[in-house]
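Residue numbers start at 1 and run along the sequence shown. Computed from heavy atoms alone, side chains included, the values below leave out hydrogens, waters and symmetry copies. Being a predicted model, the structure only gives us computed values, none of them experimental.
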Amino acid sequence: MQARGLLLLLLALVLLSAAAEASKSKKDKAKKGSSECQDWRWGPCTPTSKDCGLGYREGTCRDETKRLKCKIPCNWKKKFGADCKYKFESWGGCSLQTGVKTRSGVLKKALYNAQCEEIVHVSKPCSSKSKAKPKGECPAGEG
């Protein structure tokens, strides 16, 4: 029985040693991928195909270059760029002369040192649909 206990103890030590080596190896790989450079300049996210979806962003710092995976949502505001995030107010009323409604947005966040406008204005055509009647109301004469 003592030999079996000794064998189990030896096996546990071997497993612990292997786990420690694996952990050390992962830390070494992380150090190789990291950089001492602090002043990275990142370019825009460029989609692999079409104008949205998965793509890459390249960054440079001194003589180093990195390439990161990125994604441009397919509903992004192309006018502002995918790296400029805005807080928009509610849509204004519909202009009868132009047939459009407008709203403005204030810059919330600029990702990857993007050059973004502080305030942006957007417009869209007014909806041609009339509002539906609230539920529970019957037209006059019915009910």
Residues at least two apart in sequence or cross-chain that pass side-chain contact (heavy atoms from CB on, under 4.5 Å) with Arg62, listed by chain then number, are Cys37
CD1 (Ile72) and OG1 (Thr48) are apart, to the nearest 0.5 Å, by 9.5 Å
Tightest non-hydrogen contact, residues Ile119 and Ser104, listed as CG2-CB, 4.4 Å
Closest heavy-atom pair, Gly92 versus Lys101, reported as atoms and distance to 0.1 Å, is O-CB, 3.5 Å
Closest non-hydrogen contact found for Glu89 with Arg103 is O-CD, 3.2 Å
Residue pairs meeting salt bridge (Lys or Arg N to Asp or Glu O under 4.0 Å), one or both in residues 37-46, sequence neighbours left out, come to Asp39-Arg41
Those residues at least two apart in sequence (or on a different chain) that pass side-chain contact (heavy atoms from CB on, under 4.5 Å) with Cys116 are Cys84, Tyr86, Leu107, Ala110, Ala114
Between Arg57 and Cys70 the two heavy atoms that sit nearest each other are N-SG, 3.8 Å
Are Trp40 and Leu111 linked, directly or through intermediate hydrophobic residues, by side-chain heavy-atom contacts shorter than 4.5 Å (ILVMFWY only)? yes
Taken in chain and number order and not counting sequence neighbours, the residues that satisfy side chain to side chain donor-acceptor pair (under 3.5 Å) with Thr60 are none
Residue set satisfying side-chain contact (heavy atoms from CB on, under 4.5 Å) with Lys87, at least two apart, ordered chain then number -> Lys108
- If Ile, Leu, Val, Met, Phe, Trp and Tyr residues are connected whenever their side-chain heavy atoms lie under 4.5 Å apart, and connections chain through other members, are Phe88 and Trp91 in the same group? yes
The ring-ring contact (aromatic ring centres under 6.0 Å, His included) partners of Tyr112 (sequence neighbours excluded) come to Trp42
Residues Lys71 and Cys45: closest non-hydrogen pair is N-SG, 3.9 Å
Has Gln115 got more than 12 heavy atoms of other residues, nucleotides or ligands less than 6.0 Å from its CD?
no
